[in-house]
Protein chains: 2
Amino acid sequence: MKADARCLVCHMNQALRVFNKYIRSEEGKWERLKNVMDVLKSARWGMKPIEIAEILYPALENMVSVRDVYEQEKKRSNEMAEKMLEKFGKIIRSSMDPLYDAAKLAIAGNLIDLGTPNWDEDGIYRKISDILQKPFGINDYEMFKEELSNATKILYIVDNAGEIVFDRFFIEIMKEYNEGVEVVVAAKSKPIINDATVSEAKEIMKNVAEVIDSGMTVPGTIVEKGSDRFRRLFFGSDIVISKGQGNFEGIVGEGGGNVYFLLTVKCDVVADFLKVPVGTMVFMKKKE
Amino acid sequence: MKADARCLVCHMNQALRVFNKYIRSEEGKWERLKNVMDVLKSARWGMKPIEIAEILYPALENMVSVRDVYEQEKKRSNEMAEKMLEKFGKIIRSSMDPLYDAAKLAIAGNLIDLGTPNWDEDGIYRKISDILQKPFGINDYEMFKEELSNATKILYIVDNAGEIVFDRFFIEIMKEYNEGVEVVVAAKSKPIINDATVSEAKEIMKNVAEVIDSGMTVPGTIVEKGSDRFRRLFFGSDIVISKGQGNFEGIVGEGGGNVYFLLTVKCDVVADFLKVPVGTMVFMKKKE
């Protein structure tokens, strides 16, 4: 999926959010934002949005002299997600279709900012409850469920910290639904935005799924840039689950892999591409 | 009022709105937005937001090869405002305090985009009705009313097309309230964004008020850059009425002039400055 001019403005806003965290002086933010313009000017027409992020974020780390700019938020997100899972896990296990509701929960984590410093547990609880009531705007779940029954190997490409806790729960439910299935989780090589890294994913997934390094330095997936193991699994697994917008942006429109996209539409560019409103929850099988 | 980093991002968005009107190709918008970055990089820390616009808009005109990028919107706004005045004029004249309600109407024009291509007259009517019910968030109206009783000379600095029709109505009501008062209207030298120009203002104001050229090429007012006549009137009038954010940004914090600001807060930067939420309607006397 190609980036357009709106993605340049969006990345300026993303940079400003990082500066607001780490830079006190307003003039310091102003001058650094001009440096961001220099970085963005090197983005070429035809790039994917996640490739803009790939050149921007390392530059941002230098500008604020911090390696992992969302480290604290990622930790808080995981903690909050564990708390929420204690509440929703039991409810979902006893629901009409635990697999369906677990998929919804895995998306809910993507929609809610679990990493804000001032937690409002009740507020987050209500938000997740609301999301579990909302239908998917694009819904290939029944097809997925049928394929899952016969699958032996699944590659699960995770997205952000926080939601990864709900991903683990979804994987557990998948394994209960089909006891013969093996799930391998792919996570990012190194920190980028608030994506879960391999080491973070390993901590969350222990005893549930093997975690491999996708080889990605973009906040998403560009298959040809993946590690050997990742590419073998991408093309060789019965099902690939791709979580979130970043993985969607990189994989959609590319050939190969039996991919199901599980995401919330978060921006106009993706909304226009899918012809659905921002906020839509999507469970979509990739077309060849 | 000083611009901050958010103003740089906002001007990128403003540029994109202009490109969306005049440039068909997505790649064309993408490349021109990089040219916008070059222009914005020349903005110096300490500038007012309207001074960023002053360097951006002439550059935008060149990039899209159009002189007056909001010409059509301005015409449509004036037509729609005349239609609305036919309805609200009578109601306001027979209200408890026509002067107060006319001031509100003059602000309503600033809040509503009267220039959108697909008019929804009923929708706009309802919006203006709602606004007339809303209180001012900062309210020095009683002080203004008292000063108006004793005033002989008022300088009225207009802002956008469309709302200028309501400004004319407010001026008529002021003159009925104090028959001895003379009102001079100041408008922009040449087109910038959707601000009313001298020639546009003259057409709207005929028989009601003299219109002078403020000498401004910014979408607001920077007094020391004004024409001789403008500066004489600014410092010599009993009351100066400054409409809208652009004039506010340039005049607030500067010395001289007995100024009343009449505006709707439209962005976070002004909201932070005034410590009120975005959307607040303000009728505020300038502090020395």
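For clarity, every value in this text was computed on a predicted model and none was experimentally measured. Reckoned from all heavy atoms, side chains included, excluding hydrogens, waters and symmetry mates. Each chain gets a letter, A, B and so on, in the order the sequences are listed, and its residues count up from 1.
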J.: Are the side chains of B:Leu33 and A:Leu40 in touch, meaning some heavy atoms are under 4.5 Å apart?
T.: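 A side-chain contact is absent here, since even the closest heavy-atom pair is not under 4.5 Å.
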J.: What are the atom names and distances for all donor-acceptor pairs below 3.5 Å between chain B and chain A?
T.:
from    : atom 1 : to      : atom 2 : distance (Å)
B:Glu27 : OE1    : A:Trp45 : NE1    : 3.4
B:Lys34 : NZ     : A:Lys41 : O      : 3.0
B:Lys34 : NZ     : A:Ala43 : O      : 2.3
B:Asp38 : OD1    : A:Lys41 : NZ     : 2.5
B:Asp38 : OD2    : A:Lys41 : NZ     : 2.9
B:Lys41 : O      : A:Lys34 : NZ     : 3.0
B:Lys41 : NZ     : A:Asp38 : OD1    : 2.5
B:Lys41 : NZ     : A:Asp38 : OD2    : 3.0
B:Ala43 : O      : A:Lys34 : NZ     : 2.3
B:Trp45 : NE1    : A:Glu27 : OE1    : 3.4

J.: Holding to side-chain contact (heavy atoms from CB on, under 4.5 Å), I want the full list of residues that pass it with A:Phe273, two or more places apart in sequence or in another chain.
T.: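 Residues passing side-chain contact (heavy atoms from CB on, under 4.5 Å) with A:Phe273: A:Met1, A:Phe248, A:Val252.
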J.: Need one label for B:Ala15: side chain, backbone, both or neither, based on atoms under 4.5 Å from any heavy atom in chain A.
T.: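 Neither part.
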